[in-house]
There are 2 protein chains.
Amino acid sequence: MAAPRQEHDVFQAIADPTRRKILRLLVEKELPISEITDQFPMSRTAIAKHLRVLSEAQLVSGKKIGREKHYRLRPESLAELQEWLSYFEQFWNNKLTMLKYRVEHQEDKNSIVVKPTDLGKAKTNKSREGSEF
Amino acid sequence: MAAPRQEHDVFQAIADPTRRKILRLLVEKELPISEITDQFPMSRTAIAKHLRVLSEAQLVSGKKIGREKHYRLRPESLAELQEWLSYFEQFWNNKLTMLKYRVEHQEDKNSIVVKPTDLGKAKTNKSREGSEF
DNA sequence: ATTAAGTAAAACCATTTGGTTTCATTTAAA
DNA sequence: TTTAAATGAAACCAAATGGTTTTACTTAAT
């Protein structure tokens, strides 16, 4: 890994399977490095470096809590990926197909039921509230 | 680059900016290696290797036409990426926010206007026609 | 006040990656 | 039928990547 001297982008950051798994772990809750390390067959130092790459890509952020450093998921940066992908969807499936996919997969707890009225509202609401999209 | 002996996944394939640009080029139309190379400041051989990586990730396919080899975009493999991303969206923006984003960005020629009726239909239609999602 | 836990940082290493140059092969064109 | 265009493939190279071990620094706990 060494010192990632140049700025890491999101694409680079998610290219590594270990880092993707780390992101998955952090979805659940904040975790200190040691606990993250427990989930992998490599050294704590290696994980720390992966966390650094993720951090530089703004996919996670860490704060010190006592003598531990807790890392937290920062999924907002995935917007870049989403945006990149959406470009290809234009020429691939049409948006409606994507919408269908989304809606069909809304069986999880955090999902929101999308009603026609909501969509209509969204369609005219140009302001994207919240950070960056 | 060397010989990519182990199977390349999509995440790896799109990690490189040159490869992402190649994909963008191929959105427009099929292109022979030489024409692709014209768009970059590197050798034809380098581009050929990038195409090999993309090919192994099933993001492009090539067919010989005369003495040229034409490459074509295979966006279906991006589904894997989309699926991975959608997992995080559950905990990030809710689906509605994503829908809003989509709909707000439908000012291109190929887009489909999503009407509330369409969404309603999609929501109950479980069959995902066409290749793979 | 010591000791142990948790991390940070540096030095090191093998493999992969992204590029090059060179040479061979296939196919279109003069 | 030569010749030139387009590609394929191999050998090579520097830098990046993913890992390790070692040493040092903070902070909690005894």
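Residue numbering restarts at 1 for every chain, and letters A, B, ... go by the order of the sequence lines. Since the structure is predicted, the reported quantities are computational estimates derived from the model, not experimental observations.
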Practice task
Let me know the distance between CD of A/Glu56 and P of D/dT17, rounded to the nearest Å.
Solution key: 10 Å
Exercise for the section: Let me know the distance between NE2 of B/His50 and C1' of D/dT7, rounded to the nearest Å. Expected result: 17 Å
Problem - Under 4.0 Å protein heavy-atom contacts per nucleotide of nucleotides 21-30 of chain C, with B for base, S for backbone only and - for none - result: B-----BB--
Exercise for the section: Check whether any side-chain nitrogen or oxygen of B/Lys69 sits under 4.0 Å from OP1 or OP2 of D/dA6, and answer yes or no. Expected result: no
Practice task
Provide, to the nearest angstrom, the distance between the CD atom belonging to A/Glu68 and the C1' atom belonging to C/dA8.
Solution key: 15 Å
Practice task
Rounded to the nearest angstrom, tell me the gap between atom CD1 in B/Ile33 and atom P in D/dA9.
Solution key: 10 Å
Handout entry: Side-chain heavy-atom pair A/Leu81, B/Phe88 within 4.5 angstrom cut-off
Key = no
Practice task
Of all the heavy-atom pairs spanning A/Asp9 and B/Ala15, show the shortest one and how long it is.
Solution key: OD2-O, 4.5 Å
Problem - Most 5' of B/Pro32 and A/Met42 on DNA chain D, judged by nearest nucleotide - result: B/Pro32
Problem - Side-chain heavy-atom pair B/Ile22, B/Leu31 within 4.5 angstrom cut-off - result: no
Handout entry: Atom pair distance, as rounded to whole Å: CZ in B/Phe11 and C1' in C/dT17
Key = 19 Å
Exercise for the section: Mind calculating the distance between CG (A/Leu54) and C1' (D/dT17) to the nearest angstrom? Expected result: 14 Å
Exercise for the section: Would you indicate whether the side-chain heavy atoms of B/Gln82 and A/Gln82 approach each other to under 4.5 Å? Expected result: yes
Exercise for the section: Respond yes when some side-chain nitrogen or oxygen of A/Gln12 is under 4.0 Å from OP1 or OP2 of D/dA16, and no when none is. Expected result: no
Practice task
Using atom CD1 of A/Ile47 as one end and atom P of C/dA8 as the other, report the distance to the nearest whole Å.
Solution key: 13 Å
Problem - Working for side chain to side chain donor-acceptor pair (under 3.5 Å), residues B/Thr37 and B/Arg44 - result: CA-CA 6 Å; B/Thr37 304; B/Arg44 184 195 52 74; over 6 Å; no
Practice task
Taking the side chain as every heavy atom from C-beta outward, state whether B/Lys63 and B/Glu30 have any atom pair closer than 4.5 Å.
Solution key: yes
Fill in the blank from the handout: Between CD of B/Glu35 and C1' of D/dA5 the distance, given in whole Å, is 13 Å
Completion exercise
Scanning both residues in full, the closest heavy-atom pair of B/Ile33 with B/Leu51 reads CG1-CD1, 3.8 Å
